[in-house]
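The model shown is predicted, which means the values in this text are computed figures rather than measured ones. Every chain is numbered from 1, with letters handed out A, B, ... down the list of sequences.
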Amino acid sequence: MRLVTWNVNSIRTRIDRVIGFLERSDTDVLAIQETKCKVEQFPYAPFEEAGYEVAVAGLNQWNGVALISRVGLENVRTSFDGQPAFAKPDKEPVVEPRAIGATCGGVDVWSLYIPNGRSITDPHYAYKLSFLNALTEYGRSRLADDPAAQIAFVGDYNVAPLDTDVWDIEVFRDNLYVTEGERSALAALADAGFAEVTRSHEPDQYTFWDYQQLRFPKNQGMRIDFQHLSPALAERVSTASIDRDERKGKGSSDHVPVIVDLLD
DNA sequence: ATGCCTTCTGCAAGAAGA
């Protein structure tokens, strides 16, 4: 089974590229982040015509996640147990569409869009850490219930775990994506049993390059998209790769697909 | 050539991303 995660930065703008990728990449399950649309605005038809089932979470033009599968799509959940809400000043807290899970081909796949955080002094930064902590607690609880559970937490984590995951650590030092708080929160997910499985197969590759300032031609990128798998599922990984070519050309997302192949 | 930011809403310019 081929499992791919991709922050597409608007599914409506990117639909032709995403369908093209699906058709040439032999992908079975695609986890999408930043769909940037309401559920009723999502372009279901092109996926269904290509032979895939679709599950979507989306409230407005912000965030939004989806799962696309040709190996079954059951038990859809549009948030995980304990997923934190974010409250804007003087507003009711909202559980944002940043997680969607479903059973696909026997695997519980979660498409995750971890909050960016904006800056380390912004309330969104604390939200980012609480989101990661809640995800770890959810994963820990799932493994306590069933140590052999096949669970995939894949998506845009908005954290650069290593100094080499940003194009110049001095530019980022002590700032968003590389703080000790973010890195230890993500390390805790691995410590709970959900190891990141793509880095060992593709050690030196970014997953994101900013649109501005020739970041892609200069290869000034960031590695912030990952696949964290439960122990039983991680054992099935045969290869992993990052499709850097998807960043080329007009009309690309600023992120590229992160691909894992699982043995049957 | 891999190329100088892009998306959303809504009609102007602001919000948001990373």
May I ask you to say what A:W209 touches in the nucleic acid, namely base, sugar-phosphate or nothing, with a heavy-atom cut-off under 4.0 Å? nothing
Between B:dC5, B:dT2, B:dC8, which nucleotide has the shortest distance from any of its atoms to the side chain of A:K36? B:dC8
With A:H228, the ring-ring contact (aromatic ring centres under 6.0 Å, His included) member among A:Y157, A:F194, A:F153: A:Y157
Is there a donor-acceptor contact under 3.5 Å linking the side chains of A:T27 and A:Y52? no
Taken to the nearest whole Å, CG/A:L176 to C1'/B:dA18 is 8 Å
What contact category does A:I224 fall into here, base, sugar-phosphate, or nothing, at under 4.0 angstrom with non-hydrogen atoms? sugar-phosphate
In terms of ring plane angle, is the pair A:H255 and A:F208 parallel, tilted or perpendicular, where the classes change at 30° and 60°? tilted
Consider ring-ring contact (aromatic ring centres under 6.0 Å, His included). Of A:Y125, A:F80, A:Y113, A:F86, which one does A:F131 pass it with? A:F80
From the candidates B:dT2, B:dA18, B:dC8, the one with an atom nearest any side-chain atom of A:Q61 is B:dC8
Would you indicate which nucleotide in B:dC8, B:dT6, B:dT2 comes nearest to any side-chain atom of A:R14? B:dT6
Using a heavy-atom cut-off of under 4.0 Å over every strand shown, decide if A:D156 touches base, sugar-phosphate, or nothing. sugar-phosphate
Could you grab the distance from atom CG of A:N175 to atom CD of A:E170, nearest 0.5 Å is fine? 12.5 Å
A:K128 has an atom NZ; how far is it from atom P of B:dA16, in whole Å? 16 Å
What's the gap between B:dA18 and B:dT7 when it is taken at their P atoms, as a whole Å value? 14 Å
So if I take every side-chain heavy atom of A:L214 and compare against B:dC5, B:dT9, B:dC4, which nucleotide ends up nearest? B:dC4
Quickly work out the A:N116 CG to B:dA15 P distance and round it to whole Å. 16 Å
Spacing between A:F172 atom CZ and B:dG17 atom C1', to the nearest angstrom: 13 Å
So A:R118, base contact, sugar-phosphate only, or nothing? Heavy-atom distance under 4.0 Å. sugar-phosphate
Among B:dT7, B:dA18, B:dT9, which nucleotide sits nearest the side chain of A:M222? B:dA18
Give A:N158 one of three labels, base, sugar-phosphate or nothing, depending on what nucleic acid heavy atoms sit under 4.0 Å from its own. sugar-phosphate
Measure the distance from NE2 on A:H124 to C1' on B:dA16 and round it to the nearest whole Å. 9 Å
Tell me the interatomic distance from A:E96, atom CD, to B:dA15, atom P, rounded to whole angstroms. 17 Å
Out of B:dG3, B:dC5, B:dA18, which nucleotide sits closest to the side chain of A:P217? B:dG3
Phosphate contact (B:dT6 OP1 or OP2) by A:T13 side-chain N/O below 4.0 Å: no
Pick the nucleotide of DNA chain B nearest each of A:S10 and A:Q212; which residue has the one closer to the 5' end? A:Q212
Take atom NE2 of A:H255 and atom C1' of B:dT7, then tell me their distance rounded to the nearest Å. 12 Å
Return whichever of A:K88 or A:N9 has its heavy-atom-nearest nucleotide of DNA chain B closer to the 5' end. A:N9
Between A:Y177 and A:N116, is a side chain to side chain donor-acceptor pair (under 3.5 Å) present by the stated rule, with each step listed? CA-CA 8 Å; A:Y177 315 108; A:N116 169 282; 3.0 Å; yes
What integer number of Å spans the P atoms of B:dG10 and B:dG14? 16 Å
Give A:N63 one of three labels, base, sugar-phosphate or nothing, depending on what nucleic acid heavy atoms sit under 4.0 Å from its own. nothing
Whole-Å gap separating P (B:dA18) and CG (A:D254): 7 Å
For a quick check under 3.5 Å, do A:E96 and A:Y127 share a side-chain donor-acceptor pair by atom type? yes
Quick note, A:Y211 side chain, CB onward, closest among B:dG17, B:dA15, B:dT2 is B:dG17
Need one value for A:Q41: base, sugar-phosphate or nothing, where a base atom within 4.0 Å counts as base even if backbone is also close, heavy atoms only. sugar-phosphate
Heavy atoms only, 4.0 Å cut-off, all strands: where does A:F216 land among base, sugar-phosphate and nothing? base
